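Working notes, structure below.
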Amino acid sequence: MKILVLLKQTFDTEAKITIEGGKISRSGVSMIINPYDEFAVEEALKIKESLGGEVTVVSTGDDGVQDALRQALAMGADKAVLINPGTDDVDEFTAATVLAKAVSGMEYDLILAGWRAVDDGSAQVAGRVAEILGIPIAKLASKIDVEAGKATATCEIEGGTEVIELPLPAIITAQKGLNEPRYPSMKGIMQAKKKPMEKKGLGDIGLDAGAVAAKVKVLSVALPAARAAGKVFDGEPADTSAAVVKALREEAKVI
Amino acid sequence: MKNNLIKPITQEFSEYLKDESRITGAAESISFPRTREDVVTIMKELYPKGIHVTVQGARTGVTAGAVPKGGHIMNLSRMDGISAIRKDNKGSFCITVQAGITLSGLRKQIKDRNFDVLKWSTESRITFEEFCKAPEHFFSPDPTETSATLGGMAACNASGACSFLYGPIRRHITALKIVLCSGHTLTIRRGETFASGRKLDLITDQGHSFTVYLPAYEMPKTKNASGYYVENDMDAIDLFIGSQGTLGIITDIEVGLMPFPRIVWGICCLFENERDAVVFAAVLREQLTNIAAIEFFDRDSLAILRTQKKENPAFARLRIIEERLNAAVYIELHCDQENLAIESLAKINQLMIESGGSEKDSWVARNNTNRDSLLFFRHAVPESVNMLIDRRKKEDPSITKLGADMSVPGHRLHHVMSMYRSMLDESGLQSAIWGHIGDNHLHVNILPHNEEEYKKGQALVALWAAEITKLGGSVSAEHGIGKLKTVFLTMMYGQDHVNEMAALKAVFDPKGLLCAGNMFVPLVAER
């Protein structure tokens, strides 16, 4: 069983988002594997452990993304492929085009990915890749069973679950609850240094800048409005409680 | 002068009668000073009247140090400002805080570099600008309870997991301001005032000079928070750190910050055999230098976590620990280069295998999110134990958690560990052992179901205190003596030396009114 995992590097979920020069600042922010993609990596490793095979993690981005790929290798993936799109101006179209093209040159039975990335939350890339490759997709899986030639995914839908059977090769995207991703062991981290990390440019996979140029243009980026500061009422309880009631009635107009 | 800082104790203040020791005391009045001047005013008002004063921070102590025994409660939690920043002669940043600032508040302000500089001096503001441009800094003392105040931490010489590398708070305090019972203030900067042998001359900011004679005992050569810190030719500041509020009221504290290491990795090593874990911890500390913390969890601690994960949704994110695993050692690696971290990892892995562990049984957290969930694992143990005891206490109010907080010299680790284990197994009491094995300092907790077991546990802890004293250890390495472990302090140093401590206190507090009952029964020379 050859399994590919599409993986995106995102901000640490604890990171504080700041904007500098109209862009989200990356300075001082630690980067992690997108948590939903981490479920996909874990599931791939579990399938490999029960059925045998090989897990390859695939990502697109600059050299910094190697860190996330190394983490997946440390968890137990066998090799990593990183395609540098040569630009920071990447939208869902760019990412999907690059990943689909890279994947189309590889052998695979199953492709796993997170259902969305925690940064832009677009939830488009896996679907686009399936479309380009012409293979079936099941989204938001909370359980995946794989046997010869087919996969069964239990997927979250509004108000319930849906069980989908897919002929392989197929793509399945991971939802929270699918599994509990492992930590790498010390041995895993040391081994990861020696595992193959294939780095490619657009030319290496038969694409050029024009073919992947982003179709979405970001006009501006803004932080959500800060929550207004609370108000502290100082004084004796009898006076302050009257003042609080007055403020709730006249300023906040909630009572 | 009518003093409106002092309020009578009413129902609304009842929570201030107790602390994390879950012991309830009594008091007639309470105050929440906001400035050092307020503290002086209160002392000048109360001391001449012979009223007892118990000083409180966030009441997170577990040995009842903040529990009042009648009289007045002075709660410093509203003195929570940061007043200055400077660079010392080694180029390190030092910041001055009021005693009531919480550790979590301080950490957040340091991390966000967001201080209220409105009232700062020009010099401080200039240094602050430099601080904002400098690499990330941190304040290393890390007790589990981050709602503790800096004043409370200074008063009991608090430490934490990373004290293994960075030492307790003592090592990071560079200056103190202390209000004395007389209403005078003392300003002590580290490196400026020293004892001559065991004789220490001090002079207050108001110009009153006096001499104190330090007790003659030798402190144990281990992590220690029992009794006054005394040694020949010592720095005066060290006498006040860990003095549990008995000498004066610490109002302002200057602490040194350190650059945050570029790499902080958490590593959890799991073992099937508890002895192997202890062997591992012991060799680890001898062979690696960039380890900040070595923490141990025994089989019972892990079993409590497994139950919590199953029964309590708040603990659902705990990692699954397989049943075959009976002990865990948590390590925090601090270094500045990734290749060094990987080299250390290889060494740790090798030691783990040599100690009888399996290389598949380790978890490495290399980013903040993963490390947070490992820290959650570490903090979940004491929290779960407290929850368990609170539940049992509802059925039998006579019981409470029994904890030993003792340390021993390095070569005695295996000896005490097997002592705890065999005596606990023999007693049939439920227990959980965890803590700072790197410093030979384990929190041994007994979890009684009823009064009978509680008494049995008390007797056991007393036996340990006697044995630890024989081994040259400390009866309290971290929590302090407070009001609960005074018997053990006497056991450790003997009555004569405890009398010397009381005589020392009497120089500062002749009426024996300030935080009386902490560490020992004070002398009452005049009243």
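From a predicted model like this one, the values you see are computed outputs, not experimental measurements. To find a chain, count down the sequence lines: A is the first, B the second, and so on, and within it residues start at 1.
Interface remark: B/C269 contributes side-chain atoms only to the contact with chain A (heavy atom separation under 4.5 Å). With a 4.5 angstrom heavy-atom cutoff, B/L345 touches chain A via backbone and side-chain atoms both. Contacts of B/D361 with chain A are absent, with no heavy-atom separation under 4.5 Å from either backbone or side chain. Proximity to chain B is limited to the backbone of A/P181, based on heavy atoms less than 4.5 angstrom apart. Contacts between A/A74 and chain B at a heavy-atom distance below 4.5 Å involve the side chain alone, from C-beta outward. Contacts of A/T13 with chain B are made by both backbone and side-chain atoms, with heavy-atom separations under 4.5 Å.
Atoms CD1 and CG, on A/I32 and B/N370 in that order, are 7.5 Å from each other to the nearest 0.5 Å. Atom CG of A/D67 sits about 8.5 Å away from atom CG of B/N367, to the nearest 0.5 Å. Atom CD of B/E359 is separated from atom CE of A/M186 by 9.0 Å, given to the nearest 0.5 angstrom.
Checking B/S373 against A/Y183 by side-chain atom types alone, a donor-acceptor pair falls below 3.5 Å.
No salt bridge links A/K193 with B/E343; every basic N to acidic carboxylate O contact stays at or beyond 4.0 Å.
The number of heavy atoms from other shown groups lying within 6.0 Å of CD (B/E15) is above 12. The 12-atom threshold is exceeded at CG of B/D112, counting heavy atoms of other residues, nucleotides or ligands nearer than 6.0 Å. In the displayed structure, A/L248 atom CG is contacted under 6.0 Å by more than 12 heavy atoms of other residues, nucleotides or ligands. Within 6.0 Å of NZ on A/K187 lie no more than 12 heavy atoms contributed by other residues, nucleotides or ligands. Summarising the local packing, CZ of A/R26 is surrounded by 12 or fewer heavy atoms from other residues, nucleotides or ligands at distances under 6.0 Å.
Between B/K360 and A/S185, the closest heavy-atom pair is O-CB, 4.4 Å. The two atoms that bring A/E180 and B/L318 nearest to each other are OE2-O, 3.6 Å, heavy atoms only.
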